[in-house]
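Here's the structure, in structure tokens; my notes come after.
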Amino acid sequence: MPEGHTIRRYADRHRAVLAGRQVAASSPQGRFAAGARRLDGRELLDVEAHGKHLFYRWRRAETLHIHLGLYGKFRLFRSDPPPPTPATRLALAADEVTIYLAGPTVCELIMPSQEDAIMARLGPDPLKVDTDGNSPEAFAANLARRRIPIGAAILDQSVIAGIGNIYRAESLFLTSIHPEIPANEVPADKVAALWDTSVELLERGVSEGRIATLPRVPLGTTEETDRLYVYKRERFPCRVCGSPISTGQMAGRGIWWCNTCQSA
DNA sequence: GCTGCATGATGAA
DNA sequence: TCATCCTGCAGCA
């Protein structure tokens, strides 16, 4: 489930198990064979996440840049890993830990200048608030420059990094913003609330390991699988006001909202 | 066993 | 706006 929270969890996990170690690298699938050979035996120094991008830094090797896209997945085994599937693009191993990567959109070695270019086209990451330019002001400035609907703007990773289709629908619902309002016409207090909500939701996603936006259920209560307000809930009434949930397409993806709770 | 879909992004048209 | 990249899995036969 690769929105920003998943990527941050991968970064933290991979740093914890591999940083400071000599890492064996290979590409069972073969499509990253040259890169894996280059990394094989190097010491991993750090793993950084920004939005949906991962950067692995090594002693005496280029940075490994990974973007999971829609399908990409990591699998981590503590010991006795199964043989890699033929689709495994990259295998990393150190001590008793083995990590397999399959289906990424991007898996490449990059120079510092390329890394700078990637960072330059990414907006602020709510999970890095208070570091560098990851501020609500940067987010507000990015929105002020766009006339596209707010629902399209926050999927644009150069506006805000790490928001995906679920967080887009849920954060707009929680801030009562109708997705079709032009980004530059959203009132300043709503923009601030949208940033704060993004920080809260993503941080909760990191700690829980999944996207949940409803209030936590009391201990001992049966939990429903769907912990969302509007995403893919067009067959249900709004949890807050009971009106039907609306759905449509925006920026090429499905979007869901409540016409009553989210004012135009 | 097969089909269609998915929490993403890009490049062509 | 659409096709494409490319993998896993839910849902269905």
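The figures that follow rest on heavy atoms only: side chains count, while hydrogens, waters and symmetry mates do not. Predicted model only: the values in this text are computed from it and were never measured. All chains are named by letter (A, B, ...) in the order of the sequence lines, taking the proteins before the strands, and each is independently numbered beginning at 1.
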(request) Begin with the C-alpha distance, continue with both residues' side-chain angles, and end with the deciding distance and a verdict on side chain to side chain contact (heavy atoms under 4.5 Å, CB included) for Ile118(A) and His53(A). (result) CA-CA 9 Å; Ile118(A) 293 164; His53(A) 295 253; 3.9 Å; yes

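- Comparing dA9(B), dG8(C), dA6(B) by their closest approach to the side chain of His67(A) singles out dA9(B).
- Side-chain N/O atoms of Arg31(A) include one lying less than 4.0 angstrom from OP1 or OP2 on dC6(C).
- In this structure, Leu68(A) atom CG and dC5(C) atom C1' are separated by 14 Å, rounded to whole Å.
- Base pairing annotation: dT7(B) forms no Watson-Crick or G-U wobble pair, as no partner gives both donor-acceptor distances under 3.5 Å.
- Taking side-chain N and O atoms only, Gln157(A) has a distance below 4.0 Å to OP1 or OP2 of dA9(B).
- Residue Lys52(A) has a polar side-chain atom (N or O) positioned under 4.0 Å from OP1 or OP2 of dG8(B).
- Applying the 4.0 Å criterion to OP1 and OP2 of dA6(B), one finds that Lys232(A) has a side-chain N or O inside that range.
- We find that CG of Leu90(A) is positioned 16 Å from C1' of dC6(C), with the value rounded to whole Å.
- Regarding contacts with the backbone of dT7(B), a side-chain N or O of Tyr231(A) is found under 4.0 angstrom from either OP1 or OP2.
- Using a 30° and 60° split on the angle between ring planes, Tyr229(A) and Phe173(A) fall in the parallel class, below 30°.
- Atom CG of Leu101(A) is separated from atom P of dC6(C) by 13 Å (rounded to the nearest Å).
- Rounding to whole angstrom units, CG of residue Leu155(A) and C1' of dA9(B) are separated by 11 Å.
- Side-chain atoms of Arg253(A) never come within 3.5 Å of backbone atoms of Gln249(A) as a donor-acceptor pair (strictly under, hydrogens ignored).
- Checking side-chain atoms of Asp132(A) against main-chain N and O of Asn134(A) turns up no donor-acceptor pair under 3.5 Å.
- For the P atoms, the distance from dT10(B) to dG8(C) is 23 Å, rounded to whole Å.
- Backbone-only contact: Gln29(A) has heavy atoms under 4.0 Å from sugar-phosphate atoms and none from a base.
- Among the protein residues, Arg168(A) comes within range of no part of the nucleic acid, since none of its heavy atoms lies under 4.0 Å from any strand.
- Taking 4.5 Å as the limit, some side-chain heavy atom of Val230(A) sits within range of a side-chain heavy atom of Glu170(A).
- Considering only side-chain N and O atoms, Arg121(A) lies under 4.0 angstrom from the phosphate OP1 or OP2 of dT10(B).
- Atom-to-atom, CG of Leu70(A) to P of dA3(C) comes out at 17 Å; the value is rounded to the nearest Å.
- Remark: the separation of the P atoms in dC6(C) and dG1(B) is 25 Å, to the nearest Å.
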